[in-house]
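The structure presented is a predicted model; accordingly, all values stated were derived computationally and were not measured.
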Amino acid sequence: GTQVHAVDMDATEARRVAPLVGAPPGSDVRVSGHPDGGYTHIWAKGGWGTAEVTLTTGSTEMEFAYIRVKETGTGLGARIFGSIVQSAWKSGYSTINLSAVGNAQDAERGSWSGYYTWPRLGADGLLGGRHAAMAQAHFGHKVERISDLMKTEEGRAWWKANGSDI
């Protein structure tokens, strides 16, 4: 089964929040509290890879840091994130904030590809100035959100080739 380790916090509380990292069975999960009680950090690892989230005490927002799976393209990262979302919802979290990092060169090397992966799974946000201007120049109309690009095959292909951290 999954091993939960409490660091600088109550073991019962650590076991209660451990599912919020979405780790598959058999993982090693470390839950650490900040000395001032302001946040809880949850980190998981296993033969599948690693994942990390941070909870701010008293907030209904979760900070999602990352999922790194050893074998990409299997759907495991999406299943882990689905588990995080389900556990967060059941625990009263209304928002999951994330940073989607990487670019086409990173993705080709098998490194960070969140800039493309997360929008395909529904993550959205405003395009930054450079990306918005490039997209408008390419498509001939105002493109404000990443979801505007994800609506079409051409838009997804453009974002995969030109996108970066969001």
TODO: Answer whether the closest heavy-atom distance between the side chains of Val21 and Val31 falls below 4.5 Å.
DONE: no
Open item on the list: Any heavy-atom pair between the side chains of Trp48 and Lys70 that's under 4.5 Å?
Closed with: no
TODO: State the CD1-OH distance between Ile146 and Tyr115, to the nearest 0.5 angstrom.
DONE: 11.5 Å
Task: Derivation and outcome, salt bridge (charged side-chain N to carboxylate O under 4.0 Å, His left out), residues Arg15 and Glu13 - done: CA-CA 5 Å; Arg15 284 190 297 277; Glu13 176 66 4; over 6 Å; no
Task: Interatomic spacing from CD1 in Ile67 to CZ in Phe81 - rounded to 0.5 Å - done: 7.0 Å
Task: Test item: side-chain donor near acceptor, His5 and Asp28, under 3.5 Å - done: yes
- [ ] Answer yes if the ring centres of Trp118 and Phe64 are under 6.0 angstrom apart, and no otherwise.
- [x] yes
TODO: State, yes or no, whether a side-chain contact exists between Ile42 and Glu52 at a heavy-atom distance under 4.5 Å.
DONE: no
- [ ] Might you point out which heavy atoms bring Ala6 and Ala14 nearest each other, and give the distance in Å?
- [x] CB-CB, 3.6 Å
- [ ] Would you confirm whether Thr152, through its side chain, and Gly155, through its main-chain N or O, come within 3.5 Å as a donor-acceptor pair?
- [x] yes
Open item on the list: What I'd like to find out is whether the side chain of His131 reaches to under 4.5 Å of the side chain of Ser164, using heavy atoms alone.
Closed with: yes
Task: Any donor-acceptor pair under 3.5 Å from Asp165 side chain to Gly102 backbone - done: yes
Task: Straight-line distance of Ile96 CD1 to Ile84 CD1, nearest 0.5 Å - done: 7.0 Å
Open item on the list: Starting from Val53, can I reach Val101 by hopping between I/L/V/M/F/W/Y residues whose side chains sit under 4.5 Å apart?
Closed with: no
Open item on the list: More than 12 heavy atoms of other residues, nucleotides or ligands under 6.0 Å from CD of Gln86: yes or no?
Closed with: no
Open item on the list: Can a donor-acceptor pair be found, under 3.5 Å and without considering hydrogens, that links the side chain of Thr57 to the backbone of Gly38?
Closed with: yes
Task: Flag for Asp124-Ser147: side-chain donor and acceptor within less than 3.5 Å - done: yes
Open item on the list: For a quick test of reading the model, state the closest non-hydrogen atom pair linking Leu149 to Ala135 and the distance between them.
Closed with: CD2-CB, 4.4 Å
Open item on the list: With heavy-atom distances below 4.5 Å as the criterion, would you say the side chains of Leu76 and Glu71 are in contact?
Closed with: no
TODO: Keeping the roles fixed (side chain from Ser83, backbone from Arg79), state whether a donor-acceptor pair exists under 3.5 Å.
DONE: no
TODO: Examine distances only and state if a side-chain atom of Ser27 and a backbone atom of Pro24 form a donor-acceptor pair shorter than 3.5 Å.
DONE: yes
TODO: Could you tell me whether the side chain of Asn162 and the main chain of Trp159 form a donor-acceptor pair under 3.5 Å?
DONE: no
Open item on the list: Let me check something: do Val17 and Ile80 share a hydrophobic cluster, defined by ILVMFWY side-chain heavy atoms less than 4.5 Å apart, either directly or through other members?
Closed with: yes
Open item on the list: What I want to find out is whether Arg109 reaches Asp106 closely enough, with some N-O distance under 4.0 Å, to be called a salt bridge.
Closed with: yes
Open item on the list: Can you confirm whether Arg120 sits close enough to Met150 that some side-chain heavy atom of one is under 4.5 Å from a side-chain heavy atom of the other?
Closed with: yes
Open item on the list: I want to check something: taking the side chain as every heavy atom from C-beta on, are Tyr93 and Leu20 in contact at a cut-off of under 4.5 Å?
Closed with: yes
- [ ] Using a strict cut-off of less than 4.0 Å between a Lys/Arg side-chain nitrogen and an Asp/Glu carboxylate oxygen, indicate whether Glu154 and Arg156 qualify as a salt bridge.
- [x] no
Task: Inter-residue atom distance Tyr39.OH - Thr54.OG1, 0.5 Å rounding - done: 7.5 Å
Task: Test: Arg68 cationic atom under 6.0 Å from Trp112 six-membered ring centre, within 45° of axis - done: yes
- [ ] Please examine the side chains of His34 and His41, heavy atoms only from C-beta on, and report whether any two atoms are closer than 4.5 Å.
- [x] no
Task: Between CD on residue Glu108 and OG on residue Ser113, distance to nearest 0.5 Å - done: 11.5 Å
Task: Distance-only donor-acceptor check, side chains Trp43 and Thr50, under 3.5 Å - done: no
Task: Interatomic spacing from CG in Leu98 to CG in Leu121 - rounded to 0.5 Å - done: 10.0 Å
